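Below: one structure in structure tokens.
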Amino acid sequence: MRPSIPAAPAAGILASALAEALPRLCGAGAPVDPLLLAVIAALGAALEAGALELDLAAEAPEGLDPKGWPEAYREALEHSPLAVRASALEQAPEAPLVLVGNRLRWRRWHLQLEHTLTQLVQRAHNPLPEAPQPAALDAARQQAAAAGLDARQQQAVVVALSQRLLLLSGGPGTGKTSTVVQLLAALLRHRPGLRVQLAAPTGKAAARLREAIERDGRRFSATLAEPLLTAPCSTLHRLLESSGERFARHAQRPLELDLLVVDELSMVDLPLMAALLEALPPACRLVLVGDPAQLPPVGPGPVLQELVQPPWLEQLGSAAVELGTTYRNAGAIAAVAADLRLAGPRPLQLLASRLQGLDPGDNLRWRQAPSRQPPADTITALRQHQKRLAALAEGVSWLAGEAQAEDAWGPLLSELEGCVALTPLRQGPWGVQGLHQQLLGEAAGRPIAHWPLGTPVLNQRNLPEQGLANGDVGVLVGSGSERRVLFAGGRLLHPARLGQAEPALALTVHKSQGSQYGTVWLLLPPGRDWDARLLYTGLTRAREQAWLITPG
């Protein structure tokens, strides 16, 4: 017996419109099965959340009847002209839905995903005409070993030298950046004039990559250090010369590069990766670096999460290297992060015994707090952070001379990354807006110039002429009645240039990707079983200490 007809999922305008329009536009003719309409709405809701598919082997999406999931919905799909199996795409060119095993996808996104991943596999297997000889590869491995790299890191260096593609994955503290520095050095030894570009999806991530390269690159001789330290580093959008809707770099005007390193691949969505591959010369080496356990990108299509699935990993072969040994972020944070990489849909239940066994000296602490108000311990810590920022911001007077200003920038920008509250939500007492209302009072809803000095500022505009991207965080400084927002590198902008910027004492977990903070307060509001990737991403933003706050 079929389940009762479910209500459409609580999706947005896109999902509702698709559920109404697709059967009509595709001329299905006969009345459409209500179960089909419901599953189309669920797939539309998934797309709005950045997912390209529904997993028919997972739990029923919100709004679908669990009693009929997935059998009744699969039957409705298989009897509809709107859906086709991936093996029979050519037989139903008008069908907008594709069944790929247990996964339901939109046809357009399925074709683009398959094409993009196939391009990466082909790049991995296309031979390099100038590949080093075995003796040179052995020498590079020995140099990497002498620099302290483990066996898998050494393998990654050899792959970067001998293949066009390297997919380097691993959790926090597994030495991904150290490996990148050593493979860059190995490639520059092999080809001294190599045209190198470093890139990341966000300005924050690009800045952190640049800092890591500069820190580690100074250990080399001047011959190697100079090209390492001067290698350009930017966001992917800036590299592709984005104008908002289009990219000026493409197949007809490709990038002029020999090597591209892309960090934080987990944040790269399918359209951006497709655009990057179109603009990349065939001979260019491509190094992709990321942590597949982190949250998927906000945009549609989690490229890294797809690449690490067994079928694609098998095709990538030796081009995929996963690092497993943790060298930093040790202690309870690392232990819980390792658990979360293997966690199912209810991670807090899995972690309950470990959380209850935490000691006072651990770098991860767990607290429960009433859910109807902002957690008191979190507010206290953020107020202390505010006071330290305010005291340092008062010392920044750019009108008193550049040298004096630079003396104050370092401590202030360091304190900016000293503490943050992370939460999945924007609304409510445990959401970003509720926390800022508590910390800033009425000023939270006013323009930047009315905020207290020292308030962190989240830029939400791409300002390429200033070297700033959406997601960069600065801090409000002042001299007399004048106000400016200070960003890394000593860039000072008038608040009016930033438009609708927001305070950044608290951030959503998504906004924090690519960043690190001394202390992280991770708030998990009640009412949902939060995804393991969200917990993992939030906790691993902490360099020194993390606090996990749950309702109680």
Side-chain angles (χ1 to χ4, degrees), residues 120-121 123-128 130-191 194 196 198 209 212-213 215-217 219-221 224 228 259-266 285-294 304-305 307-331 333-335 337-342 536 540:
L120 290 170
V121 169
R123 186 176 287 271
H125 293 288
N126 285 344
L128 282 168
E130 75 287 2
Q133 296 298 313
L137 294 178
D138 287 340
R141 187 187 292 275
Q142 292 172 14
Q143 288 172 318
L149 269 60
D150 64 27
R152 289 190 181 181
Q153 292 173 304
Q154 296 168 34
Q155 178 189 351
V157 171
V158 171
V159 170
L161 279 167
S162 57
Q163 299 181 212
R164 294 185 196 270
L165 177 76
L166 167 64
L167 174 63
L168 182 65
S169 64
T174 54
K176 297 189 295 294
T177 303
S178 299
T179 305
V180 168
V181 171
Q182 291 297 326
L183 68 84
L184 286 172
L187 282 162
L188 287 167
R189 291 189 190 102
H190 174 59
R191 289 183 57 190
L194 205 69
V196 178
L198 311 173
L209 176 60
I213 298 294
R215 181 187 64 243
D216 294 348
R219 302 172 185 174
F220 294 98
S221 66
L224 283 177
L228 276 174
L259 169 65
L260 173 62
V261 177
V262 179
D263 198 13
E264 296 289 353
L265 185 64
S266 64
R285 285 179 169 90
L286 178 60
V287 176
L288 302 174
V289 185
D291 183 352
Q294 287 195 36
L304 176 56
Q305 285 83 355
L307 279 173
V308 297
Q309 296 303 311
W312 291 108
L313 272 183
E314 183 177 348
Q315 293 184 60
L316 286 171
S318 61
V321 178
E322 181 182 8
L323 305 181
T325 303
T326 301
Y327 295 101
R328 67 165 172 80
N329 206 13
I333 293 176
D339 288 345
L340 288 170
R341 292 178 74 90
L342 305 174
Y536 177 92
T540 56

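For clarity, every value in this text was computed on a predicted model and none was experimentally measured.
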> Do T174 and E322 pass the side chain to side chain contact (heavy atoms under 4.5 Å, CB included) test, and can you show the C-alpha distance, the side-chain angles, and the key distance before you say yes or no?
Replying inline: CA-CA 9 Å; T174 54; E322 181 182 8; over 6 Å; no
> How far does NE2 of H125 sit from CG of L316, to the nearest 0.5 angstrom?
Replying inline: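 Between H125 NE2 and L316 CG, I get 6.5 Å after rounding to 0.5 Å.
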>> Using 0.5 Å steps for rounding, measure from the CG atom of L259 to the CG atom of L198.
In response: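 Answer for the CG-CG pair, L259 versus L198, is 8.0 Å.
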>> Could you report the tightest heavy-atom contact between S162 and A131, atom names first, then the distance?
In response: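 Nearest heavy atoms, S162 then A131: O-CB, 4.4 Å.
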>> Using a 3.5 Å distance criterion without hydrogens, assess whether the side chain of Q182 forms a donor-acceptor pair with backbone atoms of S178.
In response: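 Flag not set: sc Q182 to bb S178 has no pair under 3.5 Å.
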> For the atom pair CD (Q309) and CD (E314), what is the distance rounded to the nearest 0.5 Å?
Replying inline: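 It comes to 13.0 Å.
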>> Tell me the closest heavy-atom pair linking G170 and P292, and the distance in Å.
In response: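 Where G170 meets P292 most closely, the heavy atoms are N-CD, 4.4 Å.
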> In this structure, are over 12 heavy atoms from other groups packed under 6.0 Å from E130 atom CD?
Replying inline: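 More than 12 within 6.0 Å, yes.
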> Taking L167 as the fixed residue, which of V321, L120, V287, L304 is the one that meets the side-chain contact (heavy atoms from CB on, under 4.5 Å) rule?
Replying inline: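 One option only clears the test, and that one is L304.
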>> If the test is side-chain contact (heavy atoms from CB on, under 4.5 Å), which one of V261, L183, L128, V196 qualifies with R285?
In response: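 Output: one option passes, namely L128.
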> What's the spacing between S169 OG and L313 CG if we round to 0.5 Å?
Replying inline: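 Interatomic distance, S169 OG to L313 CG, rounded to 0.5 Å: 7.5 Å.
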> Of the non-hydrogen atoms in P172 and Y536, which two are nearest, and what is the gap between them?
Replying inline: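 Closest pair (atom of P172, atom of Y536, distance): CD-OH, 2.8 Å.
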> Taking C-beta and beyond as the side chain, do L184 and I213 meet within less than 4.5 Å on heavy atoms?
Replying inline: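 The answer is yes; the side chains approach within 4.5 Å.
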> Would you say H190's side chain and L137's backbone share a donor-acceptor pair under 3.5 angstrom?
Replying inline: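 No, H190 side chain to L137 backbone: no donor-acceptor pair under 3.5 Å.
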>> Quick check: closest heavy atoms across L228 and F220, and the distance to 0.1 Å?
In response: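 Nearest heavy atoms, L228 then F220: CD1-CD1, 3.6 Å.
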> Of all heavy-atom pairs between L166 and A160, which one has the smallest distance, and what is that distance?
Replying inline: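 That closest heavy-atom pairing would be CD2-CB, 4.2 Å.
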> Of all heavy-atom pairs between S318 and Q163, which one has the smallest distance, and what is that distance?
Replying inline: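 Distance-wise, the nearest heavy atoms are OG-OE1, 2.7 Å.
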>> Taking the side chain as everything from C-beta on, heavy atoms only, tell me whether L187 gets closer than 4.5 Å to L161.
In response: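 Contact flag for L187/L161 side chains = yes.
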> With sequence neighbours left out, which residue pairs that include part of residues 145-161 fulfil the side-chain hydrogen bond (donor to acceptor under 3.5 Å, both in side chains) condition?
Replying inline: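 Found D150-Y327, Q153-T179.
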> Can you check whether L288 reaches L165 side chain to side chain, under 4.5 Å on heavy atoms?
Replying inline: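 Contact flag for L288/L165 side chains = yes.
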